[in-house]
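Worksheet: one structure, shown below.
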Amino acid sequence: MTSTRNEKKYFTPPIDPDVALPSLGNERISAGRFSSSEFMAREWTHLWRKVWNLGPRIEELRQAGDFVTHTLGKESFIFIRGTDEKIRGFYNVCQHRGNQLVPDRHCGSEKFLQCPFHAWTYNLDGSVKGIPGAEGFPLLRDGIPKSEMGLEPIEVDFWGGFVWFRLDEGGESLADFLGELTQQLAPYRLQDMRLLEYKTFLWDSNWKVACDAFNESYHFRGLHPQMLKWADENARIELMGDHSRMINRYGTTSSPYTGTTEIYPELKEWMVYNGMDPEAYQGAPEDVWKTKADFVRSIQDTESITAPYANMTDDQLTDVYHYFIFPGFAMNVFPEGINGFRYRPHESDPQKMYYDLIMLVHYPAGEELACEHAFFEEKVQYDKIADTPMSYIVTDVLQQDADNVSINQRGLNSDGFRGLYLGEQELRLRHFHKCVDRYLATD
Ligand code: FES
Ligand SMILES: [Fe+2]
């Protein structure tokens, strides 16, 4: 797929802060949904099996035979590129005795897949290739009925450089499922970005605890107080079908720092992180973002610049467009790349989840992928595990979010908690839980 350097056909609309948000009610949301096994089981059959789910990056499957495994709840899948170049998805299970065909968390490149138990083999298109001692299976004496013996396929489609998959057939196409998101995000050219960081963490919380934690900026003041020195805590919010977005300005200040003259170290660091010289800055702290717009406009047409700045309005250069793609993927979108957060349910425990940090960037032309997917079951220090040196203003925030989810889960389990009491800045959470409830209420 080739992309033009700039796609001006679509543009990302701003959110008009004067448009009134819908009223979705004020009742408390009970916390049982974060710990109930019954709720988790119904989510699996009525939600996760029905929606389009975010799978691997297409760039992980570059050549025929390249494969990756990916888990969602109790299931493991294999995504593999065939000799016909097509990418397919299968349940990761051998049709002989149900052994997992490829152990979880594996990727590689093979001419065919061989089950480690009795060595049945499968072609890259999922059809059975060989059965050792086939003559010993009476049912196979007339030949192997290949259509019956192949791997169980799942539906796949592609958008934004990602493989998407769905378990239960029927329902809307991926394009309809994503709706206006595809046009809104087209200027960023996600399909041309490449993996910078890809890490999976086992977290001690329900997957929805993490969704909620990342879908509002009301928590800046409590959990990330340092962000008040370099970001606007108040988000503009918009609901988009089952999805939603919010926009926060970076390169500015929130109360109590607004109106002061001091450029705090964190704000200077934000400027350095964005290629600017803080010592040359003369203006007020809350206006720093304007300087980034001027800076970017001065360099955006340079040949070495791969970020699609020319597609962007000034506020897209500095404001964080945070998109939530229901039910389990959120991303902070910048012209230079995305910080993506995928939330996956655990295989059996409603109070555990897998959190995938997926950072993509527009690599400089000619540079190649050097990122490997890593897994962490223990608590980590982000600044110690990042493959690429990351600014402390980024790792501090990631760390604070990661450290809090289990604390939130513990409280949600308390008999003394009366249910979530949400404000207007948390409207996306209420919307999210209503969407989950709608899926779970279907027959
Ligand atoms: S279970 Fe796979 S070959 Fe027997
Ligand atoms: Fe946060």
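In each ligand, atom 1 is the first atom listed, and ligand 1 is the first ligand listed.
Ion pairing between a basic and an acidic side chain is recognised when a charged N comes within 4.0 Å of a carboxylate O; Glu377 and Lys199 show no such pairing. A salt bridge links Asp319 and Arg249; the closest N-O separation between the charged side-chain nitrogens and carboxylate oxygens is under 4.0 Å. Ion pair Arg428/Asp212 not flagged as a salt bridge, since none of the NZ, NE, NH1 or NH2 atoms sits closer than 4.0 Å to an Asp/Glu carboxylate oxygen. Comment: Lys290 engages Asp287 in a salt bridge, judged by a side-chain N to carboxylate O separation of less than 4.0 angstrom. Electrostatic pairing of Asp125 and Arg88 does not count as a salt bridge here, judged by no charged N lying under 4.0 Å from a carboxylate O.
Taking the six-membered ring wherever Trp is involved, the centroid distance between the rings of Phe324 and His431 does not fall below 6.0 Å.
Side chain to side chain, Tyr257 and Glu286 fail the donor-acceptor criterion of an N or O pair below 3.5 Å. Side-chain contact of Tyr91 with Gln100: a donor-acceptor pair under 3.5 Å is absent, judged by distance alone. In this model, a donor atom of one side chain and an acceptor atom of the other lie less than 3.5 Å apart for Asp401 and His224.
Protein atoms of type N/O/S that fall under 2.8 Å from the Fe ion (ligand 2) number 4 in this view.
Protein residues with any heavy atom under 4.0 Å from ligand 1: Cys94, His96, Arg97, Asn99, Cys115, Phe117, His118, Ala119, Trp120.
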